[in-house]
There are 2 protein chains.
Amino acid sequence: MINLGVLVSGNGTNLQAIIDAMERGILDSKIGVVISNNPGAFAIERARRQNIPTEIVSNKTFTEKEDYDRRLVGILKDHSVDLVILAGFMRIITHVLINAFPMRIMNIHPALLPAFSGLNVQKKALEYGVKFSGATVHFVDEGIDTGPVIIQAVVPVYDDDTEETLAARILREEHRIYPQAIKLFAEGRLEVKGRRVTIKDSHRTEGSMANPEVTIFK
Amino acid sequence: MINLGVLVSGNGTNLQAIIDAMERGILDSKIGVVISNNPGAFAIERARRQNIPTEIVSNKTFTEKEDYDRRLVGILKDHSVDLVILAGFMRIITHVLINAFPMRIMNIHPALLPAFSGLNVQKKALEYGVKFSGATVHFVDEGIDTGPVIIQAVVPVYDDDTEETLAARILREEHRIYPQAIKLFAEGRLEVKGRRVTIKDSHRTEGSMANPEVTIFK
């Protein structure tokens, strides 16, 4: 059974989705440790309720980003973590963490990468006027939201969407695809070739969607 | 009934899709003229079969892009064109054409803009390793594939896709959404506010898709 280390800064709804999937027996993994840079993160409370070990590593403890990451690596190794899960971790991680867990760090981003990387994602999507957005689980490399894509989900963007309504629609998909990506990793089904992640015995998604809907053809 | 001017350089399958939609009575418009920069474009043959007026304006006729576009504007005005349709027109158009038809020029691009603009679109998408791509109909502004988005369609990208198989999957969607976009324009249902195109009495697209498929949740 693989052992996860989850890094969080905020509310932790993706952490909760992973916990829920494990509790329902549909994701065969355990969480060895939850680490936050933010002592007030509700994610820490979620972990404690499950008796998952937690660690706070304050932003203020280290002046160099690399030293911060060395501390993270130390904690993750102490807990024998196999796969690192970034779940709303609001820090840019360095080569120190990446090299310690090569292709064993996942992140989730609330857009269809490569579109709308970085911050203020929903604002950027609405201002551009895209008709679809979504969520992306990817392996982490040294760029910002640039690593190899594991799984994506798409949702329509509506004319009356606000940042909040769009974020909520995307978040529901995040809670589905992040546990799925971890499951594929745990089963040894992910293969990374260059930037492309292929999946052994993949379930082929069929169909297409248009937005606005195509009404003139049946 | 609105009158279209279609600009093409190649095979003209999108032109054919528009002709087919008109013939089936599901798109209430006519094509006043088809213009190509390429005398060998099969699109010209498609137009002639329908007795649609055609014009060839060779790349070599004008040294300045603006002069080329002045010639296009002259032809389009002569044929009383209301809406200009770029359908695989392999030239970059200038402010001369854009200012003559403000928010009355549409283009289709075989990707989910803003991802993968420009040329070699499928190659870029496959190399990035995205799990979804698609097609975008947009109004044309002075950037390359940057104008306000009217309609988009999404399709999954498969592990064994080549540029050709992905292009073919996207092309089927192009043939659906381009006539739909023209119909929405013809019915006066498109409103452009800044970069956002909203649609009066829009048919709300529901649902979501993930790729690879999410199997752990029902």
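Naming: A, B, ... by sequence-line order, numbering from 1 per chain. Being a predicted model, the structure only gives us computed values, none of them experimental.
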Taking C-beta and beyond as the side chain, do [X] and [Y] meet within less than 4.5 Å on heavy atoms?
{"X": "B/Arg24", "Y": "A/Phe217", "value": "yes"}
{"X": "A/Asn211", "Y": "B/Gln152", "value": "no"}
{"X": "A/Pro179", "Y": "B/Ile216", "value": "yes"}
{"X": "B/Ile177", "Y": "A/Val214", "value": "yes"}
{"X": "B/Gln180", "Y": "A/Thr215", "value": "yes"}

### Message
Does any backbone or side-chain atom of B/Leu112 lie under 4.5 Å from a heavy atom of chain A? Answer side chain, backbone, both or neither.
### Response
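Just the side chain, heavy atoms under 4.5 Å.
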### Message
At a 4.5 Å cut-off on heavy atoms, which part of B/Pro148 comes close to chain A: side chain, backbone, both, or neither?
### Response
neither
Could you have a look at [options] and say which one has the most heavy-atom pairs with chain A under 4.5 angstrom?
{"options": "B/Ile26, B/Ile150, B/Thr136, B/Val154", "result": "B/Val154"}
{"options": "B/Gly134, B/Gly194, B/Ala153", "result": "B/Ala153"}
{"options": "B/Arg196, B/Arg195, B/Glu127, B/Glu213", "result": "B/Arg195"}
{"options": "B/Leu27, B/Ile151, B/Val149", "result": "B/Ile151"}

[X] versus chain B, the contacting section by heavy-atom distance below 4.5 Å:
{"X": "A/Ser202", "result": "side chain"}
{"X": "A/Ile199", "result": "both"}
{"X": "A/Leu184", "result": "side chain"}
{"X": "A/Pro114", "result": "both"}

With a cut-off of 6.0 Å (strictly less than), are more than 12 heavy atoms of other residues, nucleotides or ligands near [atom1] of [X]?
{"X": "A/Lys77", "atom1": "NZ", "answer": "yes"}
{"X": "A/Met103", "atom1": "CE", "answer": "yes"}
{"X": "B/Lys65", "atom1": "NZ", "answer": "no"}

[atom2] on [Y] to [atom1] on [X], rounded to 0.5 Å:
{"X": "B/Met209", "Y": "A/Glu206", "atom1": "CE", "atom2": "CD", "answer": "8.5 Å"}
{"X": "A/Thr198", "Y": "B/Asp159", "atom1": "OG1", "atom2": "CG", "answer": "5.0 Å"}
{"X": "B/Ser208", "Y": "A/Arg176", "atom1": "OG", "atom2": "CZ", "answer": "6.0 Å"}

### Query
Under 3.5 Å, is there a donor-acceptor pair between the side chain of B/Thr205 and the main chain of A/Ala210?
yes
### Interface residue of largest heavy-atom contact number with chain B, from A/Ala115, A/Ala181, A/Gly207, under 4.5 Å
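Answer, by heavy-atom pair count under 4.5 Å with chain B: A/Gly207.
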### Message
Counting heavy-atom pairs closer than 4.5 Å to chain B, which one of A/Phe116, A/Phe132, A/Tyr158 comes out on top?
### Response
A/Tyr158
### Task
Determine the minimum heavy-atom distance between A/Tyr128 and B/Leu113, stating which atoms define it.
OH-CB, 4.2 Å
